[in-house]
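Reading through the structure tokens given below for one structure.
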Amino acid sequence: MPEPLLDVRALDAFYGDFQALFGVSLRVEPGEVVAVIGANGAGKSTLLNCIAGAIRSSRDTIRFDGEAIGDQPAHAVVGRGIALVPEGRRLFASLSVEENLLIGGQVGRHGPWNLARIYDLFPVLAERRHVPSTSLSGGQQQMVAIGRALMSNPKLLLCDEISLGLAPIVVREVYARLSAIVAEGSSLIIVEQDIVQALKAAGRVYCLQEGRVALTGSAGVLTREAISAAYFGA
Amino acid sequence: MSAAFQVEHASRSSRIGMAVFAVALIALAAAPAWGGRDDLRLLSEIYAYVALASLWNLLAGYAGLVSVGQQAYVGLGGYVLFASTILFGMPPLVAVPVAGVIAAVVALPVAGLMFRLRGHYFAIGTWVVAEVFRLLSSQVSALGGGSGISLPAGIVTSMASSRQMREFLIYWVALALVVVVLAAIVLLLRSRYGLALTAIRDNELAARSSGIDVTRTKLVVYVLTAFGTAMVGALIFLQKLRISPDTAFSVNDWTAFVIFITVIGGIGRVEGPIIGTIVFFLLRQTLADLGSLYLLMLGAVAIAVMLFAPKGIWGLLVERSGWQLLPLERRLRLAADPRTS
Amino acid sequence: MEWVNIIIQGVLIGGLYAMFAAGLALIFGVMRLVNIAHGDLIVLAAYVALMTTDTLGLNPLLAIVVVVPIMAAIGYGLQRGLLNRTLGDDVLPPLLVTFGLSVIIQNALLELFTADSRRLKAGAIEVASFQVGEGVWIGVLPLLQFAVAIAVIAGLQLLFYRTALGRAFRATSDDQSVAQLMGLDNRHIFALAMALSLAVVAVAGVFLAVRTNFDPAIGPARLIFGFEAVIIGGLGSMWGTLAGGIILGVSQAIGAQINPGWQLLAGHLAFLVILAVRPEGLFPKVQT
């Protein structure tokens with residue numbers, strides 16, 4: 001069986017003395033959309049931060065594209081093809097929309113995404129390209145954050161709570177773009193509090209509860225009850 | 001319901017520490033009997049540095065106000081002493097606390113300006129203030145202007161019946177001053193203010209949201225530190241019998257050495273400056289002939305300590321052993337606690 | 001007319017002060033570090049220029065070409081090897097380490113070069129001046145140095161706002177952790193910023209060496225001038241730093257004219273007044 005694109009095996013994560021993840025295992029195949037759901041504090045963002053290299057782990061707990069990358073720093077992980085859309089957008093306040101996008105491309109990976117293609121995907125950004133990024137609406141800022149991550153031409157895009165704070169209609173708009181992104185060759189992990197949205201967008205789901213994988217399976221197969229039980233803990 | 005707990009400050013090691021202090025104090029007070037002139041001078045210098053470093057430690061290690069301009073108050077204290085004795089005929093030893101009071105008053109508007117700066121900029125700002133004091137003092141021709149002035153013989157001899165008595169007197173005052181400074185610091189840290197300071201040191205934002213008036217606490221500490229520093233400065237220059245702008249406001253003597261002492265001994269711990277001063281004087285006795293190389297090494301050692309042992313020598317010792325010399329812990333003893341101390 | 005000359009002199013030296021300040025402000029902007037050894041590094045640059053002119057026989061103003069890369073390399077190494085370890089939430093380590101560095105540099109220079117005052121000779125240009133009006137003269141060297149200061153500041157502005165490196169600086173300054181997630185290696189970015197700062201320091205140091213007598217102990221005063229220029233001008237604007245330098249220079253010139261012993265005091269007074277009535281500086285960056 002060919003190795004998955006991303007293979008996380010028995011990952012533990014600590015903040016100082018506090019353990020946030022306990023033996024979490026997860027895999028993503030090329031072209032897949034995987035959702036990670038769970039209550040606040042379940043460890044979803046921690047998981048993404050570990051994968052992205054913002055939190056260092058032991059080498060072999062995270063394998064990507066055939067290589068062990070667990071102990072790589074964040075700036076090296078981007079170079080290998082994993083990009084994070086951080087929770088809360090975290091755009092660079094002193095930079096304009098276009099400059100934020102350009103920073104994303106600074107790592108110089110080749111691929112289908114460039115400034116023109118990002119503006120195709122999110123036309124509203126083209127109109128406001130020289131505006132300070134933080135003066136945009138929430139939904140537009142989310143588009144900039146996604147665009148910024150796409151500029152590094154990732155094989156795996158990590159989306160941390162992209163629906164947070166956005167009106168439902170805006171959420172639908174943003175999620176509509178995700179299929180275009182997958183079509184261009186990136187796999188996705190989406191972390192979501194909005195379970196309905198997550199199940200609609202993803203093929204497989206992992207549910208985290210207090211740092212452990214409580215449930216995993218295909219989005220279409222898992223029942224409401226099973227998810228509730230896993231989400232809140234029986 | 002009666003009070004359910006008590007706060008205990010002492011521990012076994014601190015009781016031993018206090019006992020050691022008491023014995024040392026008696027021995028040092030008797031120094032005029034067993035020591036010569038040079039010994040007394042050296043000891044007085046040690047006391048001055050312990051006091052200055054302890055005060056700097058209070059300001060930087062506890063209140064988080066890193067000043068590289070405390071020489072402003074050392075010099076101010078010295079100049080107020082010379083001014084009050086020469087120009088206003090005050091007895092020299094009375095002029096020492098007067099210098100402290102005047103420095104405290106001056107510290108208020110200085111703090112008003114300096115508190116507008118944060119962190120590193122605050123540090124440089126305090127340096128600017130010290131420079132301003134230096135420049136102003138060289139404009140005061142009544143006190144010797146740029147070349148400075150010596151304490152007139154009449155004032156010197158008025159202090160005591162003989163040169164020897166005078167030197168004993170200054171020595172005892174120096175010893176008393178450092179004991180008072182240390183005791184005041186310990187008492188301050190044991191009080192509510194001390195608790196507030198520790199909170200501020202650990203996390204200023206959290207301290208603020210717990211209702212602590214951070215600015216007022218810092219102001220109190222800044223003013224008290226200026227008060228103490230100026231008295232030490234007044235005594236230093238009383239002993240030297242001569243003052244000039246460059247010696248009064250010397251960055252090397254009153255800030256660089258003090259900072260190195262505190263860093264090497266251990267910032268944020270009261271025992272640190274004491275240990276640091278001892279180490280500093282040991283180094284000085286052995287290495288001072290090297291002149292600028294000595295300062296260079298001191299700088300390098302301070303950097304090394306800051307990078308590899310940021311808690312200083314005392315910090316390292318405490319981590320391994322849990323000792324404390326001075327009774328500064330806070331432990332809660334529950335009323336129904338069957339454990340004995 | 002005397003006053004016009006005084007003001008002009010003050011403005012021109014303000015350019016030098018602005019260069020002292022620019023290096024300081026750059027570092028603070030990118031990594032929130034204030035380098036207490038900054039002034040001593042300016043003096044170090046002056047001594048490097050001294051050694052360069054002695055060994056190569058160059059005119060000091062040409063020696064800039066050699067001094068700048070040397071100082072930039074020192075900056076990169078210093079940041080990467082030492083100062084990067086001090087960065088973090090605590091204010092104390094970088095402050096104390098750079099203070100220690102200041103002491104080390106001063107005393108190392110003292111050991112190597114003694115406390116003797118030195119000055120670099122730039123030839124006839126030092127005394128050349130031209131007349132711009134009735135009784136109003138401008139020195140060629142001060143004017144050249146002012147022009148260079150403007151060029152340096154303009155260059156820095158350009159770099160920060162029009163280049164990829166400048167973008168990287170600004171992004172790292174905004175949010176270090178997210179910058180890492182975008183592929184920027186902080187250790188390298190910070191080291192580049194320090195290299196740039198010391199490149200500016202190099203230019204300032206050479207001009208200092210030609211203009212005034214220098215010795216190992218004059219570093220702290222340069223740090224203070226740079227710092228005062230930054231505070232007067234306001235954090236966040238390079239052009240504000242230039243304005244701050246000019247105001248400082250003019251204050252000092254006016255003070256010196258009234259009474260020679262008041263030169264430095266007048267500058268400090270200007271700084272304290274601004275701190276009292278407008279602590280954010282005259283041209284602070286408007287935060288969105």
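Please read these numbers as outputs of a predicted model, since none were measured by experiment. Letters A, B, ... mirror the listed sequences (proteins, then strands); counts begin at 1.
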[X] portion near chain C, given a 4.5 angstrom heavy-atom threshold:
X: B:A123; value: side chain
X: B:L117; value: side chain
X: B:V132; value: both
X: B:V305; value: neither
X: B:I259; value: side chain

Is the shortest heavy-atom distance from the side chain of [X] to the side chain of [Y] under 4.5 Å?
X: B:L295; Y: C:L110; answer: no
X: C:V34; Y: B:I124; answer: yes
X: B:V263; Y: C:L92; answer: no
X: B:I267; Y: C:L96; answer: yes

> For C:L265 and B:L136, what are the C-alpha separation, side-chain angles and deciding distance, and is it a side-chain contact (heavy atoms from CB on, under 4.5 Å)?
Replying inline: CA-CA 8 Å; C:L265 268 174; B:L136 285 175; 3.9 Å; yes
> For the candidates B:G299, B:P310, B:G146, B:A304, which exhibits the highest count of non-hydrogen atom pairs separated by less than 4.5 Å from chain C?
Replying inline: B:G299
> Between B:L293, B:I303, B:V301, which has the largest tally of heavy atom pairs under 4.5 Å with chain C?
Replying inline: B:I303
> Checking C:I105 against chain B: side chain, backbone, both or neither under 4.5 Å from a heavy atom?
Replying inline: neither
>> What part of C:I231 gets within 4.5 angstrom of chain B, counting heavy atoms only: side chain, backbone, both, or neither?
In response: side chain
>> Would you compute the distance between atom CG of B:L135 and atom CG of C:L264 and round it to the nearest 0.5 angstrom?
In response: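 These two atoms lie 5.5 Å from each other.
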> Atom CE of B:M297 and atom CD1 of C:I104: how far apart are they, to the nearest 0.5 Å?
Replying inline: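 B:M297 atom CE to C:I104 atom CD1 measures 11.0 Å (nearest 0.5 Å).
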>> Listing request: all ring pair (Phe, Tyr, Trp, His ring centres under 6.0 Å) pairs with a residue in residues 89-116 of chain C, at least two apart in sequence or in separate chains.
In response: C:Y47-C:F113
>> I need the residue from C:P279, C:A221, C:P94 with the largest number of non-hydrogen atom pairs under 4.5 Å to chain B.
In response: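 Going by pairs under 4.5 Å, I would pick C:P279.
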Quick check - list every chain C-chain B donor-acceptor pair under 3.5 angstrom, one line each.
from	atom 1	to	atom 2	distance (Å)
C:V34	N	B:H120	ND1	2.9
C:E111	OE2	B:S292	OG	2.5
C:W262	NE1	B:Q139	OE1	3.0
C:A276	O	B:R116	NH1	3.0

